[in-house]
Amino acid sequence: MAQKPSIPKGTRDFTPAEMVRRNFIFDTIKGVFQMYGYMPIETPAMENLDTLLGKYGEEGDKLLFKILNSGDFLSKSDAALLAARDSNRITGQISEKGLRYDLTVPFARFVVQHQNEITLPFKRYQIQPVWRADRPQKGRYREFFQCDVDVVGSDGLINEVELIQIVDEVYRKLNIRVVVKLNNRKVLAGIAEIIGEADRMVDITVAIDKLDKIGLDKVNAELHERGLTPEAIDKLQPILALSGSNGEKLQSLSQILSQSPTGLKGVEELTTVLKMVDTLKLHTPVELDLTLARGLNYYTGAIFEVKALDVEIGSITGGGRYDDLTGIFGLKGVSGVGISFGADRIFDVMNQMNLYPDTVTAATQLLFVNFGEKEAAHCLGLATFFRNKGVRTELYPDVAKMKKQMSYADKKGIRFVAMVGEDEINNNKITLKNMVSGEQQTLTPEEALSLIG
RNA sequence: GUGAUUGUAGCUCAGUUGGUUAGAGCGCCUGAUUGUGGUUCAGGAGGUCGCCGGUUCGAACCCGGUCUUUCACCCCA
């Protein structure tokens with residue numbers, strides 16, 4: 001019985017036409033990364049579960065895809081837990097591997113594990129899929145590609161600047177209008193500190209992150225719900241109301257945070273980065289956004305987010321500085337900073353706006369019609385001639401009706417069809433048909449080449 | 001995890017208050033045209049109406065469950 005084939009929720013197949021476009025995106029991004037001295041690495045799709053667990057917060061743990069142990073995994077598990085149907089606790093007994101949730105944590109693991117083979121500062125890029133057991137929705141998939149660039153082992157803020165420069169360059173090459181939003185965790189920590197809620201930074205940031213979306217009143221309501229005192233919420237108001245240029249915001253902040261050394265350090269970092277970025281004269285606006293929080297709680301300094309200006313789709317790139325991610329795996333004192341381009345969202349944006357240049361194609365340029373065994377053998381040699389000259393060439397593999405072979409060329413968007421039968425073989429010519437104009441003429445291979453090239 | 005929403009031919013979609021044999025456009029296949037595609041014309045194939053169960057004399061249509069699609073929330077690229 002033939003069953004209807006399907007793929008898991010939130011995953012997708014990509015057709016050749018789509019892959020050509022996706023590869024254009026990947027190649028563009030990769031090219032820019034390499035131009036800045038980042039080197040590629042790859043890590044396994046699956047990691048040991050204890051590498052992943054606890055790195056993304058409670059919510060992140062829930063979104064991890066876990067892999068069932070091989071063999072008779074139930075025989076070794078605790079009967080009482082099984083009987084109690086306690087999924088959370090039974091998980092540790094039946095699963096010890098999980099699919100990677102992002103590329104940053106596996107990278108941190110990689111750095112620690114290979115610390116003797118790599119030279120700090122270590123600049124790497126990594127383009128691989130990640131998996132999250134989320135409910136799919138607009139711009140959100142369960143399997144998607146991230147394109148990460150990170151540098152570890154360097155505290156210099158020049159790295160932050162360089163990353164912004166990379167963002168600018170990638171999106172200029174892809175022709176997507178974006179804005180870079182910049183914030184700093186130290187500033188957020190300072191704010192939490194001076195309003196007297198130092199240990200509630202995550203609650204505060206998660207709430208104010210929604211300011212754009214739900215408005216001030218609802219943010220205040222949520223802050224209250226999350227257990228902040230009315231006094232603290234009151235003190236927060238002037239900060240939420242901050243406006244003006246980046247410079248003006250920084251000025252106000254340095255006053256507001258004057259009692260918080262951490263906060264002031266954040267302001268100083270932001271100032272330094274923004275000053276350097278200014279001198280670069282980028283196309284992309286860089287905006288200081290205090291409401292930018294970002295979920296991942298391993299960030300300790302700069303936080304970035306990039307939003308597309310012409311398409312409503314959440315952020316298409318994000319990242320930040322993490323001072324001690326490798327510490328969890330036993331290597332202290334190595335700071336990292338990096339960003340991640342969300343390839344699938346970029347793909348969605350590019351598709352929606354049809355931003356691909358016409359040159360994005362991998363179509364065959366020349367098809368040899370197959371008239372029979374003898375003719376095909378002759379065409380094999382001719383095809384090699386054209387391929388050696390850089391023409392994407394194929395020979396139809398079967399002796400099929402002309403109509404079928406022509407329509408194959410038509411559907412594949414092949415511009416030229418070569419017909420080589422007995423006459424052509426004898427005269428060492430080929431009959432070349434231009435599928436767009438419909439014209440055809442009999443030529444020597446060299447003449448044909450100049451027409452195709 | 002919470003709340004909605006979708007599912008009929010390969011694709012996009014019609015399908016009346018529940019009533020005989022479920023339709024259209026596009027695509028596909030064959031021929032008109034044995035060395036000529038895209039246009040035209042003639043013909044043809046293709047459907048357990050997502051799946052399981054229930055109500056009914058009778059279900060694509062009503063009810064329940066389940067899977068899937070899309071969307072919002074939580075969270076996030």
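For clarity, every value in this text was computed on a predicted model and none was experimentally measured. Order of the sequence lines sets the chain letters (A, B, ...), proteins ahead of strands, with each chain counted from 1.
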Test side chain to side chain contact (heavy atoms under 4.5 Å, CB included), reference A/L182, set A/I303, A/L274, A/N246, A/L290, output is A/L274
Only one of A/T104, A/N159, A/L163, A/V337 passes side chain to side chain contact (heavy atoms under 4.5 Å, CB included) with A/D150, and that residue is A/T104
Considering only atom P, compute the distance from B/G38 to B/C29 and round it to an integer number of Å. 10 Å
Could you give the distance separating B/C26 and B/U17 at their P atoms, to the nearest angstrom? 29 Å
Determine which nucleotide pairs with B/A9, using a 3.5 Å limit on both distances of a Watson-Crick or G-U wobble pair. none
C1'-based separation of B/C73 from B/U5 [nearest Å]: 15 Å
Applying the Watson-Crick and G-U wobble criteria at under 3.5 Å, what pairs with B/U21? Answer none if nothing qualifies. none
Report the residue (A/D209 or A/Q137) whose heavy-atom-nearest nucleotide on RNA chain B is the more 5′ of the two. A/Q137
Mapping A/I7 and A/L63 to their closest nucleotides on RNA chain B, which lands nearer the 5' end? A/I7
Taking any strand in view, what nucleotide pairs with B/U69 in a Watson-Crick or G-U wobble way, both distances under 3.5 Å? none
Rounded P spacing from B/U48 to B/G10 in Å: 8 Å
Identity of whatever pairs with B/C62 - Watson-Crick or G-U, under 3.5 angstrom: B/G54
Suppose we call a contact any N or O donor and acceptor under 3.5 Å apart; does that hold for the side chain of A/R135 and the base of B/C75? no
Counting only Watson-Crick or G-U wobble pairs whose two distances fall under 3.5 Å, which nucleotide matches B/C29? B/G43
Nearest to side-chain heavy atoms of A/K9, which nucleotide of B/U68, B/C74, B/G3: B/U68
Please enumerate all protein N or O atoms sitting under 3.5 Å from an N or O of nucleotides 35-37 of chain B, with distances to 0.1 Å.
| residue | atom | partner | partner atom | Å |
| --- | --- | --- | --- | --- |
| B/G35 | O6 | A/E424 | OE1 | 3.1 |
| B/G35 | N1 | A/E424 | OE1 | 3.4 |
| B/G35 | N1 | A/E424 | OE2 | 3.1 |
| B/G35 | N2 | A/E424 | OE2 | 3.4 |
| B/U36 | O2 | A/K433 | NZ | 2.7 |
| B/U36 | O2 | A/Q440 | OE1 | 3.4 |
| B/U36 | N3 | A/Q440 | OE1 | 2.5 |
| B/U36 | N3 | A/Q440 | NE2 | 3.3 |
| B/U36 | O4 | A/Q440 | OE1 | 3.3 |
| B/U36 | O4 | A/Q440 | NE2 | 2.4 |
| B/G37 | O2' | A/D410 | OD2 | 3.3 |
| B/G37 | N7 | A/K433 | NZ | 3.3 |
| B/G37 | N1 | A/M435 | O | 2.6 |
| B/G37 | N2 | A/D410 | OD1 | 3.1 |
| B/G37 | N2 | A/M435 | O | 2.5 |

To the nearest 0.5 Å, what is the distance between CG (A/L228) and CD1 (A/I195)? 5.5 Å
Main chain of A/T431, side chain of A/Q440: is a donor-acceptor contact present, judged purely on distance under 3.5 Å? no
Thinking salt bridges, do A/K173 and A/E169 make one under a 4.0 Å N-O criterion? yes
